[in-house]
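One structure is given here, and the rest of the page talks about it.
By convention in this document, chain letters (A, B, ...) are assigned in the order of the sequence lines, proteins followed by strands, and residues within each chain are numbered from 1.
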Amino acid sequence: VPHTCDWRKVAGAISFIRNQGNCLCCWAMAAAGNIEALWSINFLKFVNVSVQELLDCGRCGDGCHGGYVWDAFSTVLKNSGVASESDYPFQANFRPHRCHAKTYNKVAWIMDFIFLPDDEQRIAQYLATYGPITVTINAKHLQLYQKGVIKARPTTCDPQFVDHSVLLVGFGSEKSEGMGAKTVSSQSRHPRSTPYWILKNSWGAQWGEEGYFRLHRGSNTCGITKYPVTARVQKPNVKPQFSCPP
Amino acid sequence: GSLTAQDLGPQPLELKEAFKFFQIQFNRSYLTPEEHARRLDIFAHNLVQAQRLQEEDLGTAEFGVTPFSDLTEEEFGQLYGHQRAAGGVPSMSRVVGSEEPEES
């Protein structure tokens with residue numbers, strides 16, 4: 001596993017920061033970002049896929065009232081692909097019985113999807129080798145988050161209660177001082193590195209670190225290891241054209 | 001935990017100014033003076049909450065005014081969470097094949 005990895009440094013690999021508005025569709029936006037990243041780093045195809053299609057055509061039929069990333073992948077498998085964002089744009093609403101999956105050309109598809117082990121080291125290894133993956137976390141600390149690395153205890157951010165899906169795009173370490181960044185005593189003052197994950201959110205670019213945020217890596221902060229899921233666009237033994245830039 | 005704008009006594013100018021700046025920054029307007037007052041209360045509460053998060057955080061995160069500073073925790077959960085219903089996340093561990101999935 002490399003020390004650092006940031007898929008945002010591959011031009012075009014990570015699509016624009018989406019804004020879900022008042023539609024509870026983080027699950028579809030995370031899945032869309034995953035498929036887009038995999039298509040760009042595997043096939044050099046820079047596509048923006050239709051989140052609206054994932055909402056309108058989902059089996060559960062209530063896309064703006066929440067869902068799961070694997071629902072979105074199931075929809076892409078069922079429809080043998082997904083249309084482009086430009087053909088089938090996001091409306092921030094759910095239109096029952098308005099599935100237009102057959103109307104538009106497919107711009108991306110997937111072979112299958114997998115659940116990764118709940119182990120941060122193995123998640124990092126997979127991320128660095130194969131590309132961004134989706135995770136589902138407890139979003140409690142995100143409402144008032146501005147920047148920096150969130151490190152929470154299980155008592156303040158329950159790792160069993162996860163309610164928000166996002167795209168994991170990289171990891172790294174940040175130099176800080178002391179035992180904890182904010183509890184520096186004169187005796188414990190020494191350089192220390194804080195390992196972190198880089199995550200892409202779907203609340204617009206005005207939120208967080210230009211739409212991204214960072215969580216501590218190695219402590220299962222906010223339940224990041226609970227549901228690591230990714231689509232696959234190649235056979236398991238085929239690696240992408242790019243490796244993750246440090 | 002139940003601090004309101006009224007509890008702050010005559011509302012500090014800084015709070016009103018901060019709220020005004022928030023409204024401009026994130027393009028927020030409210031239909032009635034009552035709603036404006038309610039959102040100001042929530043905004044004040046969230047400033048205190050951000051300070052608490054800041055103290056509790058073990059990393060380098062900074063908390064403060066965000067586009068969601070005028071929402072209660074419950075509203076935020078309802079608007080930006082993703083769960084269809086509380087609990088009930090299915091336990092899944094197998095690889096799902098590329099064949100047409102069976103309808104349940």
Side-chain angles (χ1 to χ4, degrees), chain A residues 20 22 24-27 30 59-60 62 65-68 70 73-74 77-78 80 110-115 136 139-153 156 162-165 174 176 180-183 194 196 203-204 206-208 213-216 219 221 226-227 229 232, chain B residues 18 22 24-28 42-104:
Chain A
Q20 63 189 74
N22 290 343
L24 294 183
C25 62
C26 60
W27 56 279
R59 282 193 297 177
C60 298
D62 56 356
H65 294 102
Y68 301 108
W70 45 90
F73 293 143
S74 295
L77 287 171
K78 186 180 173 187
S80 306
I110 64 175
M111 292 187 71
D112 61 12
F113 62 94
I114 55 169
F115 286 72
T136 302
K140 188 182 168 190
H141 286 221
L142 300 186
Q143 180 181 1
L144 303 174
Y145 169 85
Q146 291 179 324
K147 61 180 179 177
V149 180
I150 299 171
K151 184 178 182 185
R153 293 188 179 90
T156 58
V162 294
D163 62 353
H164 184 52
S165 298
E174 180 177 83
S176 57
K182 291 163 191 162
T183 55
T194 304
Y196 59 78
W203 295 344
Q206 273 195 312
W207 176 88
F213 65 106
R214 288 178 291 159
L215 285 181
H216 182 260
S219 57
T221 285
K226 196 164 176 67
Y227 295 112
V229 186
R232 289 195 297 198
Chain B
F22 162 81
I24 295 166
Q25 190 180 6
F26 300 112
N27 196 25
R28 291 286 195 287
I42 295 166
F43 182 80
H45 172 80
N46 279 334
L47 287 181
V48 176
Q49 196 70 1
Q51 196 173 344
R52 192 179 60 75
L53 286 170
Q54 188 79 50
E55 286 160 6
E56 284 177 0
D57 187 70
L58 303 170
T60 63
E62 292 179 19
F63 300 90
V65 176
T66 73
F68 311 117
S69 284
D70 63 344
L71 299 177
T72 65
E73 196 176 331
E74 291 71 35
E75 287 171 332
F76 175 74
Q78 285 165 10
L79 289 171
Y80 294 96
H82 92 302
Q83 282 197 323
R84 184 175 296 124
V89 178
S91 173
M92 295 172 75
S93 59
R94 71 187 175 87
V95 172
V96 177
S98 56
E99 299 83 14
E100 180 95 356
E102 291 177 7
E103 295 288 338
S104 63

Minimum-distance pair of heavy atoms, taken over all atoms of [X] and [Y]:
X      : Y     : result
A:L144 : B:N46 : CD1-O, 3.4 Å
A:Q146 : B:T66 : CG-CG2, 4.3 Å
A:Q20  : B:L79 : NE2-O, 4.1 Å

**Item:** Contact origin within B:L71 toward chain A - heavy atom pairs under 4.5 Å
**Value:**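 Interface part for B:L71: both.
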**Asked** At a heavy-atom separation under 4.5 Å, does B:Q25 approach chain A through its side chain, its backbone, both, or neither?
**Response**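 The backbone, not the side chain.
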**Asked** Crowded around B:R52 CZ? As in, over 12 foreign heavy atoms under 6.0 Å?
**Response**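 Counting other residues, nucleotides and ligands, CZ of B:R52 exceeds 12 neighbours.
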**Message:** Atom CD of residue position B:Q51 - does it have more than 12 heavy atoms of other residues, nucleotides or ligands inside 6.0 Å?
**Reply:**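 Count not over threshold, so no.
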**Asked** Under the side-chain contact (heavy atoms from CB on, under 4.5 Å) criterion, do A:H141 and B:F63 qualify, and how do the steps go?
**Response** CA-CA 9 Å; A:H141 286 221; B:F63 300 90; 4.2 Å; yes
**Asked** If you count heavy-atom pairs under 4.5 Å between each of A:K147, A:Q143, A:K140 and chain B, which one has the most?
**Response**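 Heavy-atom pairs under 4.5 Å are most numerous for A:Q143.
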**Prompt:** Of the listed residues (A:R214, A:H216, A:Q206), which shares the most heavy-atom pairs with chain B below a 4.5 Å separation?
**Reply:**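 Option with the greatest count: A:Q206.
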**Message:** We want to know whether A:E174 and B:T60 form a side-chain donor-acceptor pair, criterion being a heavy-atom distance below 3.5 angstrom.
**Reply:**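 A pair is found: one side chain offers a donor N or O, the other an acceptor, under 3.5 Å apart.
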**Prompt:** Looking only at atom types and distance, does a side-chain atom of B:D57 sit under 3.5 Å from a main-chain N or O of A:K151, one as donor and one as acceptor?
**Reply:**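 At least one qualifying donor-acceptor pair exists.
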**Prompt:** Looking at A:W203 versus B:F76, is the centre-to-centre ring distance below 6.0 Å?
**Reply:**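 They qualify: ring centres under 6.0 Å apart.
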**Request:** Identify, with sequence neighbours excluded, every residue that meets ring-ring contact (aromatic ring centres under 6.0 Å, His included) alongside A:Y196.
**Result:**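 Applying ring-ring contact (aromatic ring centres under 6.0 Å, His included) to A:Y196 gives none.
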**Asked** Distance from A:T156 atom OG1 to B:L58 atom CG, nearest 0.5 Å?
**Response**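 Rounded to the nearest 0.5 Å, the OG1-CG separation comes out at 7.0 Å.
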